[in-house]
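Below is one structure; the comments refer to it alone.
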Amino acid sequence: MKKRLLFLGPPGAGKGTQAVRLSSKNDLLHLSTGDLLRAEVAAGTSLGTQAAEIMNRGELVSDSLVLSIVENKLSSFSKGWVLDGFPRTLAQAEALDLLLKTINQPIQAVVLIELDDELLVTRLLDRGREDDNEDVIRHRLKVYKEKTAPLVDHFKKQGVLQAIQGSGDIETIASRIEASLI
Ligand code: AMP
């Protein structure tokens with residue numbers, strides 16, 4: 001099975017749920033920049049205080065801040081990993097390409113989970129996280145389309161993109177993903 005993976009897709013597509021499931025089943029590192037940032041917020045660090053305000057507006061935190069969080073984590077883990085919520089900009093993707101080249105761990109698959117906008121909004125409203133009110137959700141979707149969706153082409157060019165339909169229940173989606181990673 002492929003074991004150096006990246007989950008891509010709009011907020012609410014189910015990346016986090018599927019990334020946790022797949023990584024615990026296969027003993028891979030699950031690296032969610034959103035979770036790492038929320039941990040900084042909860043711990044009240046100065047980085048967290050800086051990030052919280054940006055996250056609650058549905059904007060992206062700066063590339064340099066996110067990269068500094070990711071770098072240490074990735075280079076110390078060789079069994080395999082699932083990146084979730086990172087990269088979110090072309091600059092982050094290029095920095096990741098460089099980092100992976102340096103540590104000689106190329107990406108084996110980019111799993112793109114696709115779902116209609118209205119379903120995304122409904123799912124996120126059900127989830128009820130602090131940054132999940134309707135205005136912020138719609139803003140996050142807009143930011144996704146502007147800044148993150150261009151990564152689809154970036155990874156398509158590298159020949160690693162695999163699109164998965166994100167509708168249905170958790171198990172159905174998990175089976176689609178697993179079948180694509182053999
Ligand atoms: P998530 O849990 O992936 O939905 O992330 C929640 C929020 O954390 C996002 O809306 C961003 O504000 C911030 N965030 C998470 N990952 C990144 C990233 N790779 N680049 C910039 N901001 C991020």
Side-chain angles (χ1 to χ4, degrees), residues 4-24 28-75 77 81-100 107 110-115 117 119-155 164 166 170 173 177:
R4 290 189 298 275
L5 314 171
L6 195 164
F7 277 28
L8 194 62
K15 295 186 298 297
T17 306
Q18 295 296 335
V20 167
R21 194 183 175 287
L22 191 76
S23 52
S24 62
L28 307 173
L29 171 74
H30 172 223
L31 196 155
S32 155
T33 44
D35 285 352
L36 292 171
L37 287 165
R38 279 184 288 279
E40 296 283 340
V41 175
T45 64
S46 71
L47 192 155
T49 314
Q50 244 177 288
E53 200 243 332
I54 301 168
M55 292 164 76
N56 287 333
R57 286 203 314 260
E59 296 287 343
L60 298 183
V61 308
S62 75
D63 289 341
S64 60
L65 198 153
V66 172
L67 282 163
S68 67
I69 294 182
V70 169
E71 239 171 79
N72 305 338
K73 296 264 169 192
L74 257 196
S75 42
F77 209 88
W81 30 258
V82 182
L83 304 184
D84 161 18
F86 170 86
R88 261 178 157 96
T89 64
L90 267 180
Q92 289 179 11
E94 281 160 8
L96 176 69
D97 289 346
L98 195 69
L99 168 67
L100 295 180
I107 286 185
V110 173
V111 176
L112 170 66
I113 308 185
E114 298 180 302
L115 199 65
D117 278 9
L119 276 174
L120 294 170
V121 175
T122 311
R123 275 200 195 170
L124 289 170
L125 283 173
D126 282 349
R127 183 172 73 176
R129 211 168 69 187
E130 195 177 338
D131 54 347
D132 282 342
N133 72 67
E134 183 151 0
D135 287 348
V136 175
I137 288 171
R138 297 224 178 254
H139 188 65
R140 289 218 305 274
L141 284 175
K142 184 166 172 272
V143 170
Y144 173 80
K145 283 177 190 160
E146 282 171 14
K147 302 208 167 137
T148 310
L151 301 193
V152 172
D153 262 356
H154 177 84
F155 289 114
I164 298 288
I170 292 175
I173 302 161
I177 293 173

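These figures come from a predicted structure and were not determined experimentally. Order of listing sets the numbers, starting from 1, for every ligand and every atom in it.
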Counting only non-hydrogen atoms and a 4.0 Å cut-off, the residues near ligand 1 are T33, G34, L37, R38, M55, E59, L60, V61, V66, G85, F86, R88, Q92, R129, R140
When you measure from the side chain of T45 to the backbone of V41, do you find a donor-acceptor pair of N or O atoms at a distance under 3.5 Å? no
Does Q92 reach the main-chain N or O of R88 with its side chain, forming a donor-acceptor pair under 3.5 Å? yes
Heavy-atom count around I170 CD1 within 6.0 Å, excluding the residue itself: above 12? no
Sub-3.5 Å donor-acceptor pair from the side chain of K15 to the main-chain atoms of I113, do we have one? no
Atom pair NE2 (H30) and CG (D84), whose distance is rounded to the nearest 0.5 Å: 3.5 Å
Verify the distance criterion only: is there a donor paired with an acceptor across the side chains of H154 and D97 at less than 3.5 Å? yes
